[in-house]
Amino acid sequence: MPETTNPLADLRGAVADAARELSGGDSRGSAPSFDRPPRPDFGDYSSNAALLVAGSLGEPPRAVAERLGALVRERLGSAVERVDVAGPGFLNLFMSDEWCRRVLSAALAAGETYGGGMVDRPERVLVEFVSANPTGPMHIGHARHAAYGDSLCRVLEFAGHEVEREFYVNDYGSQVRRFGESIRARARGEEPPEDGYRGEYVRELAERLPGAAERDVDELAEEGVRLMLEGMQRSLERFRVRFDRFFSERELHGREAVRHALDVLEEREHVYPHDGAVWLRSSTFGDDKDRVLIRSNGDWTYFAADIAYHDHKLERGYDRVIDVLGADHHGYVGRMQAAWQALGGKPGSLEIVIMQLVHLTERGQRAQMSKRQGEFVTLDDLVDDIGVDAARFFLLERSHDTPLDLDLARAREQSQENPVYYVQYAHARIASILRKAGEERVAEALSADWGERLHPSARALLKRLLELPEEVEQAAARRAPHRLTAYAHETAQSFSAFYRDCRVLGAAEEGGDEDFRIALSLLAKRVLARSLDLLGVEAPEQM
RNA sequence: GCGCCCGUAGCUCAGUGGAUAGAGCGCUGCCCUCCGGAGGCAGAAGUCGCAGGUUCGAAUCCUGCCGGGCGCGCCA
């Protein structure tokens, strides 16, 4: 069996093929499992294929497993040392050292692309995230959105999708006008209006805008928004978050896009007048109730503008549109999904990801989020405090749908207590070993004919490294970049164990193959670097 | 009241049908003639919220209940 850049997928395929052969081409039911068993005496990999086939064949699972095991052995040849039948009928595969050497070679041959491009059907994807109001600074919650959205995009891209990143700018409507009023009030040395913006940054804006005390409110608002956006872009850039487009709500209105969206909905007969207002019949598409688009006073609702934005997204022809929104918006999911379908969007092609809240803690104690009224711990404050690497890693450590406690004390720590440093340290340590070996020596090692008989720690490390393609695929498919924090940490641990048990330079002294161990270290370095890159965290050559 | 999310070790959480449920932190006890000790090893620690059900097999799927978070405007 020739090795590709995803050896695990090859093995999985071989088992699945054998199972299909045994069941006479019957490929109904779920795909056979293929995982790392919980105990070493269960082999390197195990599958429940026989249990599934036995079900459709109506035969005793263990007997089926024996036959299937023989087929798998035949297909895999020298790749496999032996195939055991265990428990109720699991197949346990014990891979040969020869297979280990072959797959290491194949993974290294893939170079920087190793682990990527595994997606079956590449899609054109639009991801909208952060979309912070330009009337205030970005706080800790936006930091989580930024880390998540950016990392998700990196993962989707690496997995093989074509991704566009978009930030929606709410630069229209009454809150923007209030923003302008607040700036002018500060410029005049007055208090902002009751429902205005009271933060210190408003005072600073007022100082930066010459003649603000006498200027038109809308003009001030526009200028203020522009300055705020510039600041946000700087902060995001520093946080290593890039956007392809800042999409202005104001331009949307300027382009009559809301009118257009309403025309589309009217044409599709999903709107109706009632009580002097115009409604969307969103209940047709699963929403709790119908929603107002035009109020009885003639104003568009916010929802109408959002529909226009999504109408625009729809017309741009993406295969998939992902909105990353805050927990406070989840009441809005049902109606937006309904509107999407009313506009003619395919059900399922719009995904709305809801982010849960972030709490800051210091050694477990809840840290104060709001310093004074109108002032928050901002993205910049966070980065100043713990740095980009720690901030991104910690913000990505948890699934997006679970609230996150970020322990600032732990994040500041530069020791094993801190998973970021632990992973980066492992990377730097490998870099140090390879540096010591020298470029020529490394190149030579890669093309050598390896004879290594693998130590269990080397085998465990290699198996860990082979999981990268599926980790990336899963992280992409499940919109779950947080999986990679765990994977990076586990990989660093596996390397540390290998480092402890197997000398790399001078391996011959203990009967090892230095060439093989250099090669394995190099793959470990690449996998760590790739995992960190997908998280937006740096992989230092030295620390 | 309705809807969504969550309930797994002391704490924070992984784990969307497989074998004896994992990790980090914390705790206890160890390890520096060694390529980076910014490291490593071992140990204690769990009725996977509760009760039924489906399945050869459930933390995972279904139903009900309990507990927590958030959301339910002709606001944005």
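Note that this is a predicted model, so its numbers are computed, not measured.
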Mind checking if A:Asn170 touches a base, just sugar-phosphate, or nothing, with heavy atoms under 4.0 Å?
nothing
Regarding A:Arg478, tell me which of base, sugar-phosphate or nothing describes its non-hydrogen contacts under 4.0 Å with the strands shown.
base
Provide the distance between the two P atoms, one in B:G29 and one in B:C35, to the nearest whole Å.
29 Å
Can any side-chain N or O of A:Asp171 pair as donor or acceptor with the backbone N or O of A:Arg250 at less than 3.5 Å?
yes
Could you check whether A:Ala486 gets within reach of a base, just the sugar-phosphate, or nothing at all, counting any heavy atom under 4.0 Å?
nothing
Please verify the inter-ring angle class for A:Trp279 with A:His274; under 30° counts as parallel, over 60° as perpendicular, anything in between as tilted.
perpendicular
Reading nucleotides 31-36 of chain B 5' to 3', which nucleotides get B (base under 4.0 Å from a protein heavy atom), which S (sugar-phosphate only), which -?
---SBB
Nearest to the side chain of A:Phe90 - B:C13, B:G18, B:G73?
B:G18
Complement of B:C48, any strand, by Watson-Crick or G-U distances under 3.5 angstrom
none
What's the gap between B:C6 and B:A45 when it is taken at their P atoms, as a whole Å value?
30 Å
N-O pairing of A:Asp407 and A:Arg412 below 4.0 Å
no
How long is the line joining CZ of A:Arg291 and P of B:C75, in whole Å?
13 Å
Sub-3.5 Å donor-acceptor pair from the side chain of A:Trp340 to the main-chain atoms of A:Arg335, do we have one?
no
For a quick test of reading the model: is some side-chain N or O of A:Arg410 closer than 4.0 Å to OP1 or OP2 of B:U12?
no
Can you find a side chain N or O atom of A:Lys289 that sits less than 4.0 Å from OP1 or OP2 on B:C72?
no
Nucleotide of B:A14, B:G39, B:C70 approaching A:Ala327 most closely (side-chain heavy atoms):
B:C70
Under-3.5 Å N/O pairs linking protein and nucleotides 1-7 of chain B:
from	atom 1	to	atom 2	distance (Å)
B:G3	N2	A:His330	NE2	2.2
B:C4	O2	A:His330	NE2	3.4
B:C5	O2'	A:Asp401	O	3.1

Starting at CZ of A:Arg62 and ending at C1' of B:G57, how long is that distance when rounded to a whole Å?
15 Å
Using a heavy-atom cut-off of under 4.0 Å over every strand shown, decide if A:Phe42 touches base, sugar-phosphate, or nothing.
base
N/O (side chain, A:Arg36) to phosphate O (OP1/OP2, B:G15) under 4.0 Å:
no
Assigned glycosidic conformation for B:C32 [threshold 90° from 0]
syn
Assuming nearest nucleotide by heavy-atom distance, tell me which of A:Arg398 and A:Thr301 is located more 5' along RNA chain B.
A:Arg398
Would you call A:Lys525-A:Glu541 a salt bridge at under 4.0 Å N-O?
yes
Can a salt bridge be assigned to the pair A:Asp287 and A:Arg291 using a cut-off of 4.0 Å between side-chain N and carboxylate O?
yes
If we take the C1' atom in both B:A44 and B:G1, what is their distance in whole Å?
47 Å
Could you check how far NE2 of A:His489 sits from P of B:G22, rounded to whole Å?
18 Å
Looking at A:Glu439, I want to see if its CD is surrounded by more than 12 non-hydrogen atoms of other residues, nucleotides or ligands under 6.0 Å.
no
So, OP1 or OP2 of B:G73: does either fall under 4.0 Å of a side-chain N or O from A:Arg335?
no
Can you tell me the base-pairing partner of B:A9? Count Watson-Crick or G-U wobble geometry only, both distances below 3.5 Å, and say none if there is no partner.
none
Any base atoms under 4.0 Å from A:Asp41, or only sugar-phosphate, or nothing? Heavy atoms, all strands.
nothing
Rounded to whole angstroms, how far apart are CG on A:Leu396 and C1' on B:A14?
15 Å
Under 6.0 Å from the six-membered ring centre of A:Phe94 and within 45° of its axis: does the NZ or CZ of A:Arg82 meet both?
yes
When the distance from CG of A:Leu325 to P of B:G71 is rounded to whole Å, what number comes out?
14 Å
To the nearest angstrom, how far is A:Asn48 atom CG from B:G18 atom P?
8 Å
Let's test this: given Watson-Crick or G-U wobble pairing with both distances under 3.5 Å, identify the partner of B:U16.
none
CD of A:Gln474 versus C1' of B:G15: gap in Å, rounded?
12 Å
Could you walk me through whether A:Asp195 and A:Arg178 pass the side-chain contact (heavy atoms from CB on, under 4.5 Å) check?
CA-CA 7 Å; A:Asp195 49 358; A:Arg178 284 205 305 277; 3.2 Å; yes
Tell me the partner of B:C2, counting only Watson-Crick (N1-N3 plus N6-O4 or O6-N4) or G-U wobble (N1-O2 and O6-N3) with both under 3.5 Å; none if nothing fits.
B:G71
Between A:Glu166 and A:Lys313, does at least one N-O distance fall below 4.0 Å, as a salt bridge requires?
no
With the side chain defined as heavy atoms from C-beta on, A:Gln493 is closest, among B:C75, B:C72, B:A23, to B:A23
Separation of the C1' atoms in B:C50 and B:G10, to the nearest angstrom:
22 Å
Checking N1-N3 plus N6-O4 or O6-N4 for Watson-Crick, or N1-O2 and O6-N3 for wobble, each under 3.5 Å, the partner of B:U54 is none
Could you tell me whether A:Asp44 and A:Arg36 make a salt bridge, using a distance below 4.0 angstrom between a side-chain N and a carboxylate O?
no
For B:G29, the Watson-Crick or wobble counterpart (both distances under 3.5 Å):
B:C41
Considering only the C1' atoms, how many Å lie between B:U8 and B:U16, rounded to the nearest integer?
15 Å
For atom OH of A:Tyr422 and atom P of B:A23, their distance in whole Å:
12 Å
Between B:C74, B:G18, B:A76, spot the one nearest the side chain of A:Pro88, thanks.
B:G18
Does a side-chain N-to-carboxylate-O contact under 4.0 Å join A:Glu452 and A:Arg459?
no
Between A:His274 and A:Asp328, name the one whose nearest nucleotide on RNA chain B is closer to the 5' end.
A:Asp328
For A:Ser174, answer base if it contacts any base atom (sugar-phosphate contacts may also be present), sugar-phosphate if it contacts only those atoms, and nothing otherwise; contact means non-hydrogen atoms under 4.0 Å.
sugar-phosphate
